[in-house]
Amino acid sequence: MRKKIVAGNWKMNNTLEEGIVLAGQINDLVEKTELNGVDVVIGTPFIHLTEVNKLVGGKIGVAAQNCADEVSGAYTGEISASMIKSTGSKYVILGHSERREYYGETSEKLVKKVALSLANGLTPIFCFGEVLEERQSEKHFDVVKSQIAEGLFHLSAEEFGKIVLAYEPVWAIGTGVTASSAQAQEMHAFIRKTLVAQYGQEVADNTSILYGGSCKPSNAKELFENPDVDGGLIGGASLNAEDFMGIITAF
């Protein structure tokens, strides 16, 4: 059985003090709530990782939002996978649409980042998705398949089994255009079919595919009822403990 996962991505928000408060609020709610088998993850800025890991004590998974594509060395400002591992973190978000768009992340770089993450025992949450122009020109399936294949299909079935996927309909994030639950399911089903063709039914059935398109407490239940949607990668709503918990309990 694949895992149900709700992962928050704080992005570049919260001072260290604010992050500790928010993580504490989330942790308190998690301790009081029956999660029904849902794994909870929070993706914090690098400076929060050590303190948040101490605070949540393993009840909540902690993710970095990126990692370097080199092991170590003269790469000023970069944070390596081994550094992330040393904070107690278990996850790392890779290939987020903002990293691809604003920082020019390529599939070639992501191949290296995935390898280094796996080598250090981290679980990559691998992001991908199409922009509005690609959706409107009906290239969305080709774009998604290409991003997954270029970034991950060099992995063995065993290695791929350690990956969590996160589909981001970039065209529906901050554009005023809303992706429907049916559109989410259509793409997630396509992704799983693509995995069947590459790795077989068992690997595909065991891969968690998260939805990363403006998931909120008001629409989470409808999204999570889809058979191929295994949770969410949550942006803005993860910055409020009550809203985040509302999404977690939507399962």
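Only a predicted model underlies this, so the values are computations on that prediction, with no experimental measurement involved.
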Measuring from [X]:[atom1] to [Y]:[atom2], what's the distance to the nearest 0.5 Å?
X      : Y      : atom1 : atom2 : answer
Leu16  : Thr50  : CG    : OG1   : 9.5 Å
Phe224 : Asp230 : CZ    : CG    : 9.5 Å
Asn206 : Gln201 : CG    : CD    : 10.0 Å
Ile148 : Thr194 : CD1   : OG1   : 6.0 Å
Ser238 : Leu233 : OG    : CG    : 8.5 Å
Leu239 : Ile234 : CG    : CD1   : 11.0 Å

Closest non-hydrogen atom pair, [X] against [Y]:
X      : Y      : answer
Ala7   : Ile125 : CB-CD1, 4.2 Å
Val203 : Ala157 : CG2-CB, 4.1 Å
Ile26  : Ala241 : CG1-CB, 3.9 Å
Val38  : Phe251 : CG2-CD1, 3.5 Å
Ile173 : Gly212 : CD1-O, 3.3 Å
Asn13  : Pro45  : O-CG, 3.6 Å

Closer than 3.5 angstrom, by distance alone: can the side chain of [X] be matched with the main-chain N or O of [Y] as a donor-acceptor pair?
X      : Y      : answer
Thr33  : Val30  : no
Asn219 : Ser214 : yes
Glu168 : Ser97  : yes
Asn53  : Leu49  : yes
Arg192 : Ala204 : yes
Glu34  : Asn36  : yes
His48  : Thr15  : yes
Asp228 : Gln185 : no
Arg100 : Gly129 : no

(message) Restricting to side chain to side chain donor-acceptor pair (under 3.5 Å), what partner residues turn up for Glu186, sequence neighbours left out?
(response)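 Result, side chain to side chain donor-acceptor pair (under 3.5 Å) vs Glu186: none returned.
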
(request) Could you tell me which residues satisfy side chain to side chain donor-acceptor pair (under 3.5 Å) with Asn226, sequence neighbours excluded, listed by chain and number? (result)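 Partners of Asn226 by the side chain to side chain donor-acceptor pair (under 3.5 Å) criterion, ordered by chain and then number, come out as Ser181.
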
(message) Per the side-chain hydrogen bond (donor to acceptor under 3.5 Å, both in side chains) rule, what does the pair list look like for residues 142-157, sequence neighbours excluded?
(response)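 For residues 142-157: Ser107-Glu150, Ser146-Glu150, Ser156-Glu159.
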
Please answer: with hydrophobic residues joined when any side-chain heavy atoms are less than 4.5 Å apart, are [X] and [Y] in the same cluster?
X      : Y      : value
Ile163 : Val62  : yes
Ile191 : Leu152 : yes
Leu29  : Trp10  : yes
Leu210 : Val40  : no
Leu165 : Val114 : yes

(message) Using side-chain contact (heavy atoms from CB on, under 4.5 Å), reason through Glu98 and Tyr103 one step at a time and then give a plain yes or no.
(response) CA-CA 7 Å; Glu98 291 157 5; Tyr103 301 99; 5.8 Å; no

(request) Could you list the residues that satisfy side-chain contact (heavy atoms from CB on, under 4.5 Å) with Glu31, not counting sequence neighbours? (result)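 Checked Glu31 against side-chain contact (heavy atoms from CB on, under 4.5 Å); matches are Asn27, Asp28, Lys59.
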
(message) Does Glu18, at its CD atom, have more than 12 non-hydrogen atoms belonging to other residues, nucleotides or ligands within less than 6.0 Å?
(response)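 It does: Glu18 CD has more than 12 such atoms within range.
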
(message) Taking atom NZ as the centre, does Lys90 end up with more than 12 heavy-atom neighbours from other residues, nucleotides or ligands that are less than 6.0 angstrom away?
(response)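 It does not: Lys90 NZ has 12 such atoms or fewer within range.
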
(request) Kindly assign one of parallel, tilted or perpendicular to the pair Tyr167 and Phe128, based on the angle between their ring planes and the thresholds 30° and 60°. (result)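 Tilted: the ring planes of Tyr167 and Phe128 meet at 30° to 60°.
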
(request) With sequence neighbours excluded, give me every salt bridge (charged side-chain N to carboxylate O under 4.0 Å, His left out) pair touching residues 45-57. (result)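 For residues 45-57, and leaving out neighbouring residues, the salt bridge (charged side-chain N to carboxylate O under 4.0 Å, His left out) pairs sorted by first residue read Glu51-Lys54.
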
(message) Is there a side-chain contact (heavy atoms from CB on, under 4.5 Å) between Leu155 and Leu118? Walk through the geometry before answering.
(response) CA-CA 11 Å; Leu155 299 174; Leu118 291 175; 4.2 Å; yes

(request) Check step by step if side-chain contact (heavy atoms from CB on, under 4.5 Å) holds for Phe244 and Leu22. (result) CA-CA 11 Å; Phe244 191 47; Leu22 176 56; over 6 Å; no

(request) Decide yes or no on side-chain contact (heavy atoms from CB on, under 4.5 Å) for Thr207 and Phe160, but give the supporting numbers first. (result) CA-CA 9 Å; Thr207 300; Phe160 189 87; 3.6 Å; yes

(request) Find out whether Thr87 and Val52 are in side-chain contact, i.e. whether some heavy atom of one side chain is under 4.5 Å from a heavy atom of the other. (result)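 No, too far: nothing below the 4.5 Å cut-off.
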
(request) May I ask you to test the Val144-Glu130 pair for a side-chain heavy-atom distance under 4.5 Å? (result)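 Val144 reaches Glu130 side chain to side chain.
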
(request) Answer with yes or no after comparing the ring centroid distance for Tyr199 and Phe153 against a 6.0 Å cut-off, counting only values under it. (result)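 Yes, the ring centres sit under 6.0 Å apart.
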
Output a table of donor-acceptor pairs, distance under 3.5 Å, between side-chain atoms of residues 65-84 and any protein atom two or more places apart or on a different chain; print 'none' if there are none.
unit_1, atom_1, unit_2, atom_2, d
Gln65, NE2, Lys11, O, 3.1
Gln65, NE2, Gly43, O, 3.3
Gln65, NE2, Thr44, O, 3.4
Asn66, OD1, Lys113, NZ, 2.9
Asp69, OD2, Lys109, NZ, 3.0
Glu70, OE2, Lys112, NZ, 3.0
Ser80, OG, Ser82, OG, 3.0
Ser80, OG, Met83, N, 3.1

(request) Could you tell me whether Glu134 and Lys139 have a side-chain N and a carboxylate O separated by less than 4.0 Å? (result)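 Result for this pair is no, no salt bridge flagged.
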
